[in-house]
Asker: 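Below you'll find the structure I mean.
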There are 2 protein chains.
Amino acid sequence: MSNTDEQGGGPAVAGSLAHRVPDLGALELLLAVARLGSLGGAARELGITQPAASSRIRSMERQLGVALVDRSPRGSRLTDAGALVTDWARRIVEAAEAFDVGAQALRDRRDSRLRVAASMTIAEYLLPGWLLALRAQRPDTAVSLHAGNSTVVAERLLSDEADLGFVEGLTVPTGLDSVVIAHDRLIVVTAPGHAWGRRRRPVAADELASTPLILREKGSGTRQVLDAALGGLARPLIELSSTTAVKAAAVSGAGPAVLSELAVGEELAMRRLVRVPVDGVALARDLRAVWPTGHRPTGPARDLLSLTRG
Amino acid sequence: MSNTDEQGGGPAVAGSLAHRVPDLGALELLLAVARLGSLGGAARELGITQPAASSRIRSMERQLGVALVDRSPRGSRLTDAGALVTDWARRIVEAAEAFDVGAQALRDRRDSRLRVAASMTIAEYLLPGWLLALRAQRPDTAVSLHAGNSTVVAERLLSDEADLGFVEGLTVPTGLDSVVIAHDRLIVVTAPGHAWGRRRRPVAADELASTPLILREKGSGTRQVLDAALGGLARPLIELSSTTAVKAAAVSGAGPAVLSELAVGEELAMRRLVRVPVDGVALARDLRAVWPTGHRPTGPARDLLSLTRG
DNA sequence: TGGCGACATAAGCTGGGTTTATGAGCAACA
DNA sequence: TGTTGCTCATAAACCCAGCTTATGTCGCCA
């Protein structure tokens, strides 16, 4: 139910975000200025001319209504406000980097050096970070990515359409060897304003089972784990068909939600959601790297694998 | 030392991010299409015409080399790849929203309805989230933000230049009442590849004190807390003057770093950094809301305060 | 079979960002 | 005290991405 989305997170002021937030190029430029302490230097690094950089920073300052850099004939330093803005900008740029590597992997459909198949959650939340690290280490490895459920991942590996797979199920498909690379956990979250938001005493299993929760639909991976942990008793307040919709509903304060901790890192950090302590419920599940039995990963696949096991 | 930055996170491929990642307007449009299931509907919502939306989505698909939406005369649905891309896009847009509310608060220098003064760390990592929540609840409260250390925050409150303050020190400035709103903690982090990266046995205080660490400079808030916790013994591998520089050095694998957990949420989620368990070291510090003694927050200040205490 | 909704195509316009060219301030150094 | 070299600012001309308006095509439904 994504109208929750509109109610809570939609544009509150006329003129969409894009009109109030500088574009990526400008943000990158700002980061470069912060790092190098010079407009001209930043311009050089980004392959544009100094006047272009100067004008772009200026128009960004006009747009935000705040002076960002102190210009002097000896260079440019960030103002206090500029430092703050730069750090917020950095988060946008980092998200864009993750987007970039993900999209790049998605593009190179076939015949890439390293072909990865991964479950949705892993592809969505973890792979971009890993690929970023891989690219730092092996800049010219082209990676391709295919996302699907455990069955699809297994098929692609066994038909030699993928070199390495990642699954999050409770079981490992037959014909595949695997190694646990991380432990995901379902956690209970709620909006800070909600009654459970300030709760310190852990919620017990029976209390969780008897409370209406915002959940993924029956049959989804996370729902399976939760039902198993509670003994099939989870009681839905509402059932939604995507992680995002669940998050949106939770943020809007509709009630407590159960989600992978991978999915809510950002919301927890930003305090749009808070974690509710839970006791006596086994909500952990393993994330595994998988490959065809016998075919131990080599080359770039081995590198990626070792990155994930850090 | 920010050249670490360049080595690890700099542009690996020619043509900066901005050329490979669609701009914010396009990403917002994509999210709207995903939500509404229609190009024309999304166009209407963003206040542009249908052909503009159509062309923009198309050019985004060209740019990424991936089909994002299945068009039909009955509407448009995301492809599998489109769903993945949309979720990555959402993270960029969310970061942009945080940027936006922060910048807006920074702009409205004076005479705003709610004037907030906050320490850097809080202003940087927590306030945007709070302001986002506040805006959802009270859309037309104009907020202004001033960032500075505890002393500055106290001054502004006492001279009636701010209605509500946030500090992270170990002590509360005199003349102010306060309430603890959250518990920050310094944590030890390292790149996944580092020796401590896969460590499960906690690091003890003496081992931490005898290991060279990537640290903020002496005198910084985090350094003070660390030195106090270790008894002034922290041994720097290198001292850097910003949280960002410390993170960059840690991500590049230079060694273990000590940072506020607020600062590394993203990196932990993306697995660019991993947390090292530590035992027997008191690295917690309180984050407090503060106001002039007697002047209990009222109106919007009270609302913001209650949001933060979720 | 006409009407409606949704998407595609075409042509023309506009503006933000770019370049080149040039000016001006400050510092270090002979 | 000039001279050199770094910085940033300004001005004018250009270019292209994205917008709008106008129109065409396809499929569904009454």
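Since the structure is predicted, the reported quantities are computational estimates derived from the model, not experimental observations. Lettering follows sequence order; numbering is per chain, from 1.
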Asker: Compare the minimum distances between each of C:dG5, D:dC8, C:dC7 and the side chain of A:Ser76, then state the nucleotide with the smallest one.
Answerer: D:dC8

Asker: Atom CG of B:Leu29 to atom P of C:dC7: distance rounded to whole Å?
Answerer: 11 Å

Asker: Can you check the B:Leu46 CG to D:dT20 P distance for me, whole Å?
Answerer: 11 Å

Asker: Should B:Thr121 and B:Leu262 be marked as a side chain to side chain contact (heavy atoms under 4.5 Å, CB included) after you check the CA-CA gap, both sets of side-chain angles, and the distance that decides it?
Answerer: CA-CA 8 Å; B:Thr121 306; B:Leu262 290 175; 4.1 Å; yes

Asker: Please determine, for the side chain of A:Arg44, which listed nucleotide (D:dT7, C:dA8, D:dC28) has the closest atom?
Answerer: D:dT7

Asker: Atom CG of A:Leu36 to atom P of D:dT7: distance rounded to whole Å?
Answerer: 11 Å

Asker: Look at the side-chain N and O atoms of B:Ser54 and state whether any lies under 4.0 Å from the OP1 or OP2 oxygen of C:dA8.
Answerer: yes

Asker: Could you check how far CD of A:Glu61 sits from C1' of D:dA9, rounded to whole Å?
Answerer: 13 Å

Asker: Examine D:dA9: is either OP1 or OP2 under 4.0 Å from a nitrogen or oxygen in the side chain of A:Arg71? Give yes or no.
Answerer: yes

Asker: Does anything in residues 76-88 of chain A form a salt bridge (Lys or Arg N to Asp or Glu O under 4.0 Å)? List the pairs, not counting sequence neighbours.
Answerer: A:Asp87-A:Arg90

Asker: For A:Leu39 and C:dG25, give me the distance from atom CG to atom C1', rounded to whole Å.
Answerer: 15 Å

Asker: Which pairs pass salt bridge (Lys or Arg N to Asp or Glu O under 4.0 Å) with one or both residues in residues 53-69 of chain A, sequence neighbours excluded?
Answerer: A:Asp23-A:Arg56, A:Glu61-A:Arg71

Asker: Do B:Thr141 and B:Arg135 make a side-chain contact, defined as non-hydrogen atoms from C-beta onward lying under 4.5 Å apart?
Answerer: no

Asker: Given side chains that start at C-beta, do those of A:Arg113 and A:Val143 come closer than 4.5 Å, heavy atoms only?
Answerer: no

Asker: Between A:Ile57 (CD1) and D:dT10 (P), how many Å, whole number?
Answerer: 15 Å

Asker: Can you figure out which of C:dA8, C:dA28, D:dC28 approaches the side chain of A:Arg74 most closely?
Answerer: C:dA28

Asker: On the side chain of B:Gln50, is there an atom forming a donor-acceptor pair with the base of C:dA8 - under 3.5 Å, no angle test?
Answerer: yes

Asker: Tell me the interatomic distance from B:Arg62, atom CZ, to C:dT9, atom P, rounded to whole angstroms.
Answerer: 11 Å

Asker: So, A:Glu239 and A:Arg216, do they make that salt bridge, N to O below 4.0 Å?
Answerer: no

Asker: Backbone N or O of A:Leu31 within a donor-acceptor pair of the A:Thr86 side chain at under 3.5 Å?
Answerer: no

Asker: Between N or O atoms, less than 3.5 Å apart, protein on one side and nucleotides 16-18 of chain C on the other: list the pairs.
Answerer:
residue, atom, partner, partner atom, Å
C:dT18, OP1, A:Arg56, NH1, 3.1

Asker: Nearest-Å distance, NE2 (B:His19) to P (D:dA17)?
Answerer: 11 Å

